[in-house]
Structure formats: C-alpha cells, structure tokens
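Note sheet for the following structure.
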Amino acid sequence: MNLNTSVLSERSCQFNMSSSKTIVWFRRDLRIDDNPALAAAARDGSVFPVYIWCPKEEGQFYPGRVSRWWLKQSLAYLEQTLKSLGAELVVIKTQSTLSALLDCINATGATKVVFNHLYDPVSLVRDHSIKEKLAEVGISVHSYNGDLIYEPWEIYDEKGQAFTTFDAYWDKCLNMHSEPISLLPPWRLVPAAVTGTVARCSIEDLGLENESEKSSNALLGRGWSPGWSNADKALTEFVEQHLVDYSKNRLKVGGNSTSLLSPYLHFGEISVRKVFQCAWMKQILWRREQNSQGEESVTLFLKSIGLREYSRYLCFNFPFTHERSLLSNLKYFPWHSDVNHFKAWRQGRTGYPLVDAGMRELWATGWIHNRIRVIVSSFAVKFLLLPWKWGMKYFWDTLLDADLECDILGWQYISGSLPDGHQLERLDSPQIQGCKYDPEGEYVRQWLPELARMPTEWIHHPWDAPLIVLKAAGVELGLNYPKPIKDIDTAREHLTEAIFKMWEMEAAAKAATSDRMNEEVFDNSDGIETSAIPKVILKEMSSCPTYSSNDQRVPSFQNCNNGSLYGKRARYVEEEKLHADKLNYHNKDAGTSRGEQDLCSTAESSASKRLSTSRTSFSVPQSCSSSDGRPLQEYESSDLK
Ligand SMILES: Cc1cc2nc3c(=O)[nH]c(=O)nc-3n(C[C@H](O)[C@H](O)[C@H](O)COP(=O)(O)OP(=O)(O)OC[C@H]3O[C@@H](n4cnc5c(N)ncnc54)[C@H](O)[C@@H]3O)c2cc1C
C-alpha cells in the first residue's frame, strides 16, 4: 500500500475565513490531529464545537463504568486543547441529540453541521436519521472518515460484493490504489458568535461518574492516562520500544507486550491512519536493515489494525451482528441460560485458574490481553454454554476499551459464527492453555491470591494436587477456591449434545416448513420480531445527490415486504444448512492452519445472501448490565468479596 505523508497544503487555507459558521459535532473522535470534520469546519470559517451526551439514545449499549471514566477524562483533555486553539467545547446533556443540535444551530445561526462517521449499529441508525432531519430544515450536513483507513463501502470484491473473509478483505485494503490522507491539526480556531442560548453544562454535570464510582475509578488513573496527547505518547513508546518484538511477544499474557492503544482508538484520541503510518515507516526502515523480525512484527501489528477495520466493515455490511450470529448457525443452539454459571464466570470462580485470573483482572482493571479475552469468552460459550450475547454485553459493560464492533467480532469469532474463526465444536482445555500461556503461573498468582502459594506444577489444575500440597499452599478446594464448575469431559459431552440438538432442531424446522405444516418448532431466539434485512448498498448504487462523496453511506432497509419470519423459515433453514456445510468445509481447512493466531477474522457470509432475518430482543440478566443506568459495581462489588 502506498501511504502518503500528511497534507501540508491544507494549512494555507485555514485562515481563509468566510462568514460560514459550522457546528462541529464531536463523538468518538476526541482529537484535533487528523480530524477531518474539525479541519473542514476550521477551513470554512468559525466553529462551534459541541459534545452531546444523550444516555437515552445509547439504550442497551449505555457505556460501563470504566468506559465512562475514560470518556470523562478525554473530554476534559479535548476541552483544554480546543480552548488553547481559541474555541470552547460546548457540552450538552439532553434527551434528544437532534434537538440539541437544532438548539446550537438556532443559538449561533450556523448553516452547517459536520461530524466524523461511526459504524456501530446504534450510531448508524441515529446518524442517518439526524442527517435526514437536518437536511429537511435546510442545514447542510457533511460527514467524514475520521475512524478508518478505508470506508467500508470503498472495499468490495471484483463483483462489487462485500468481502466475507478477513484475509481477502485485508489483502484488498493493502492493495488499494487511492491513498489515505491524514490532516494536520488546525493552528487556531475562530469561535462562532453565539446570539441565543444553549442549555450547556460542565463535563462533571454529564454524570459520567457518580459518587460511588469515584473511589474505584481513582485506581484507573494509575495505569492509564486518557487524552489525545497521551495517545500520541503511547504510540511513540510502542513503536520505538516494543513494536520490533511484537511478533515474538504479542501472545504473552500478563505483560505489556502489545500496544495498549485500544481505548485511545475507541474514543478516536489517535487517528488509525497515523498509527498505520508510523508502523509502516518502521517497516520500510527494518526492510532496509534486513531486520526480518521487525518486518514480521509490523505485518502482524498492521493485521491487528486491519481486524479493527474489519470489525467496522462487518457491522456496516451486516448491521444485525450485535444480535444474531453472522452465519445464523447458532439460531437453534440450546444455550444453557444458567445465571449461576454466569455469575461464577463473572466473579472468576469457575475453578479454572487461568479463566478466573482473567475475569478477576478484567473486573479489577477493565483491561485484558487478547489471548485472555479469547480464553475466557470461549470458556463461557463452549464450556458453560452461556449465550454469547451475555458475554458480549458483560465485556461491553466492563472493558475500558469497550467497543461494540470489536466486541461483536471477538464474540462471533470464538463462538463459531465465522467461517475463519474458531470451530463451534472446538473446546480447549483451560488447564492446557494455562500451562501454555502462563507456564510459570505468574499471571494466575497475580490475580488469584488464594493460589499464590501453589507450586507451579499444580497451579493450573489444583484439583489434581495431592492433599498435602494443597494444605501446604493453604488451598481448601470448595472453600477458599472453588472446585471446577464442570470437568472437561462433561463439558465436551454437553457441547457435543448441544450441537446435535441444534442440528436436530434445524432439521425439524426445515421439515415443518417444507411440509407447510403449522407445527410448533422450538426456536431459541426468544422475542423475535420480524424485520427486514438491512441490505448493503453497493458502491455503484450508493450515491445520494444531497450528500458529498465523503459522506457516510448507510445500509438501506430494502426488504420491508418479507413477511413473517415463519413464512421465510424454509428458505432460511435451507441457507442455514448451507452455512453449516460451508463452515465445516472452512473449519477443516482453517482449523489447523490458524491454530495459534487467534486473531479474529470474519465471515464467509452467506448471511449476506439471506433473504430474511429477524430482530432478536437483547436479553441479558439484569445483574450483568449497567445499561439501566445503575452502576455495574452496585451488583458486582459485593459479589466479588
Ligand atoms: C471476545 C473478544 C472481545 C473483544 N472486545 C474488544 C473490545 O470491546 N474493544 C476492543 O478494542 N477490542 C476488543 N477485542 C480485540 C482485542 O482483544 C483488543 O483490541 C486488544 O486486546 C487490545 O489490545 P492492544 O491495544 O494492546 O492491541 P494490539 O495487539 O496492540 O493491536 C493494536 C490494535 O488493533 C486492534 N485489534 C487488535 N486485535 C484485534 C482483534 N482481535 N479484533 C479487533 N481489533 C483488534 C485494536 O484496536 C488494538 O488496539 C476483543 C477480542 C475478543 C476475543
């Protein structure tokens, strides 16, 4: 891929002020560097930067405690920076983003609103509707790519179809002819004059952190420094000191072997194009120096960045994936919706030390290594047969870098919903994984003080340790550390049974619908409402005369006349079977070759060809969710004691 350097020539235009007044709507692009919406507004005239917090619109994806803590720090950072450039960040808490934007327009007489794109399912719908409504009242709205190297609608195969596997997608990205552009920050901003009133508030008044959360959050500040300039520092430190060893160290759990950029990237405190360019420059250098490890490290790191890109691609092209597995092969999977198992998993009390250590680290710090994410999530889905959506929501609520698109990709990857992800029937032993990824048991000892004195030989399977060893280590199984929640052989049996059951149900559903009998068939997708498949607009048909070429494309809801789900089931099940066959075919190939990588990638998506889908209500036991506005900690802190 050819990457150009920053565009210097833009700068000369920045002082060419016209009378144009622009509202710059900040969301998850909390930076000034390479921020296309801000740069465009600054070029045009005066600016009115605004951050609008509307918890109601976040719905079930209201951010968790640690994520809100990060946001609060980050906003304060941005506020200071904008001030130093000459403009104030106006912060608004509201019940409706649209009405807040209209208030800003009325108060300033602005004629334009600009923002950078988001691709998660909630934002896709909201942004599109806001754009339409503002256009209806004669406001010019422009949106830009501030989050990706390439927009999801720029990358298609030669037939104009969305790519359905990560490798093919990433290969295409790396061979694109157009070059991503990255912009320098504006030198100064001219604030738009305000003639009316706007119901603004302080960042503190947003209520991102309540009193009971403050003490837990105080600890976060020791490990993390939010804010765009800290993101820049983290990138420099990683590229200069750790990138060269990324290929060797990236699978090590418990250390700082990876970039730790994910929360910064989530909130747009650093431009992904900048991250890409910095790593790319190192690759050029190391290639010249024949540093093959360095070269390989950059390739793998860029692939990680590619996975983040792909998570957006997946959400844009298949906007139902936060609710349904991509291949829909799990539609009839008999999940064990056991809240006690779910609780044991969340508390890190499953009796499997590596899993428990991961869950304790997640709870204590809001961050875990990708390898641990794969291990604990696979355990929840394959071992305990918990619905993957429960796990996804729990991660969403607890991760510092909680990012809906990456979260969806991760959980779909481990739950066998992607043809180039893990196989559904693959069940890894936590004991073996422990010996492999934490050979000295240091990670387990760090997070499970009750096992701190266990000898390394037994640390990943204390249930096998002789009584004398347990006694000497002060471990009383079933008392101060649990016995395994389920043994591995039972777990294998349960998984196999569940898969067979799933196949039976599929077959029954197929038979029922093909015979056109109105027979009741069990379907585990509770609360289904019928709805149309949001279909991807392919590049040639996507232009909309009212928007610029920069603008966000949206999936169009074209299949509104699909009728009831039941009526579509025959065709649906046919396709499900096809997916399962494909999956098996892929898994035969992919299973061994991907082995150690554990990098998510996605989907031979015959889902894209599906003619109907449904909207499944998202039900997670209340006690795991913070989206009702109650802090998660209210439930959890007592649980963990
Ligand atoms: C079940 C599950 C849930 C996940 N949920 C999230 C989430 O909510 N938010 C999140 O940012 N990541 C998530 N990931 C992906 C990944 O674990 C984290 O991005 C990574 O661990 C962050 O650490 P890092 O910044 O040091 O990554 P590095 O290895 O340094 O990678 C650099 C960047 O590439 C991106 N990246 C790396 N790996 C992946 C991946 N597998 N999928 C997508 N992007 C990737 C991230 O933006 C990351 O910051 C999840 C993975 C799994 C398996």
Side-chain angles (χ1 to χ4, degrees), residues 28 61 63-64 66-67 70 119-120 147-149 166 169-170 224 231 234-235 237-239 242-243 245-247 249-272 274-276 278-279 297-315 322 358-359 361-362 365-382 386 388-418 420-422 594 597-602:
R28 290 202 292 275
F61 295 112
V66 289
S67 182
W70 188 288
Y119 310 88
D120 65 275
D147 191 48
L148 291 175
I149 299 170
F166 172 72
Y169 162 81
W170 190 230
W224 296 92
L235 173 66
E237 187 186 324
F238 172 69
V239 169
H242 306 292
L243 177 58
D245 295 323
Y246 186 79
S247 62
N249 292 340
R250 76 190 198 290
L251 298 182
K252 281 189 189 158
V253 302
N256 291 352
S257 51
T258 56
S259 71
L260 308 179
L261 284 173
S262 50
Y264 297 109
L265 282 165
H266 170 72
F267 284 109
E269 287 157 280
I270 192 155
S271 146
V272 75
K274 185 173 182 174
V275 175
F276 194 103
C278 284
S297 288
V298 176
T299 304
L300 288 171
F301 179 69
L302 295 183
K303 204 167 170 178
S304 295
I305 296 297
L307 285 164
R308 180 182 178 277
E309 296 273 308
Y310 198 67
S311 69
R312 271 78 179 138
Y313 190 76
L314 183 80
C315 274
H322 61 302
M359 295 309 288
E361 184 188 10
L362 172 59
T365 68
W367 198 88
I368 43 175
H369 187 282
N370 183 61
R371 164 68 47 188
I372 297 293
R373 293 184 204 213
V374 171
I375 290 170
V376 299
S377 56
S378 302
F379 186 88
V381 168
K382 310 282 189 68
L386 293 170
W388 66 271
K389 283 186 285 181
W390 290 15
M392 186 190 92
K393 184 61 167 48
Y394 183 70
F395 268 29
W396 169 259
D397 285 339
T398 50
L399 277 170
L400 200 60
D401 61 16
D403 178 281
L404 201 46
E405 296 94 318
C406 289
D407 201 14
I408 292 168
L409 182 67
W411 282 87
Q412 298 250 352
Y413 166 77
I414 61 92
S415 63
S417 303
L418 308 177
D420 46 0
H422 280 183
R594 291 181 57 78
Q597 285 189 27
D598 272 336
L599 293 170
C600 303
S601 63
T602 196

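Just so you know, ligand 1 is whichever comes first in the structure, and atom 1 is the first atom listed for that ligand.
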Report yes if some heavy atom in the side chain of [X] is under 4.5 Å from a heavy atom in the side chain of [Y]; otherwise report no.
X	Y	result
D407	W411	yes
W396	K393	yes
E405	L409	no

Hey, is [X] one of the residues with a heavy atom under 4.0 angstrom from ligand 1?
X	value
Y264	no
A402	yes
F238	no
W396	no

Just which atoms of ligand 1 are under 4.0 Å from any heavy atom in [X]?
X	result
L265	47 (O), 49 (O)
F301	30 (O), 32 (C)
L261	25 (O), 49 (O)
S262	11 (O), 22 (C), 23 (O), 25 (O), 49 (O)
I305	33 (C), 34 (O)
S377	1 (C)
L399	5 (N), 7 (C), 8 (O)
V374	53 (C)

I would like to know whether D403 and R312 meet side-chain contact (heavy atoms from CB on, under 4.5 Å); could you show each step before the answer? CA-CA 10 Å; D403 178 281; R312 271 78 179 138; 2.8 Å; yes

D403 versus ligand 1: do any nitrogen or oxygen atoms come within less than 3.5 Å of each other?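 N/O-N/O distance below 3.5 Å exists for this pair.
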
Of the side chain and backbone of [X], name the one, both, or neither that has a heavy atom under 4.0 Å from an atom of ligand 1.
X	answer
W367	side chain
Y246	side chain
F395	side chain

Please name the residue in the list Y169, Y119, F166, W170 that meets the ring pair (Phe, Tyr, Trp, His ring centres under 6.0 Å) test with Y313.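 Option passing the ring pair (Phe, Tyr, Trp, His ring centres under 6.0 Å) with Y313: Y169.
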
Between R28 and D120, does any NZ, NE, NH1 or NH2 come within less than 4.0 Å of an OD or OE carboxylate oxygen?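 Looking at R28 together with D120, the answer is yes, because their closest N to O distance falls below 4.0 Å.
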
Which one of [options] has a non-hydrogen atom at the shortest distance from [atom]?
atom	options	value
atom 34 (O) of ligand 1	S304, A279, A380, A234	S304
atom 9 (N) of ligand 1	L300, D407, L404, D401	D401
atom 6 (C) of ligand 1	Q412, R373, M392	R373

Heavy-atom pair of closest approach, residues L235 and C278: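 In this case the closest contact between L235 and C278 is CD2-SG, 3.7 Å.
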
Is NZ or CZ of R373 both nearer than 6.0 Å to the six-membered ring centre of W367 and within 45° of the ring axis?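 The answer is yes; both the distance and angle limits are met.
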
Using atom types as modelled and distance alone, determine if a side-chain donor or acceptor of H322 lies under 3.5 Å from a backbone N or O of K389.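 No, because the side chain of H322 does not come within donor-acceptor range (under 3.5 Å) of the backbone of K389.
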
In terms of relative ring orientation, are F238 and Y246 parallel, tilted or perpendicular, with 30° and 60° separating the classes?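 Correct class here is perpendicular.
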
Angle class for the H422/Y413 ring planes (parallel below 30°, perpendicular above 60°, tilted otherwise)?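 Tilted: the ring planes of H422 and Y413 meet at 30° to 60°.
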
For a side-chain contact (heavy atoms from CB on, under 4.5 Å) check, start with the C-alpha distance between W388 and I414, then their side-chain angles and the critical distance, and finish with the verdict. CA-CA 9 Å; W388 66 271; I414 61 92; 5.6 Å; no

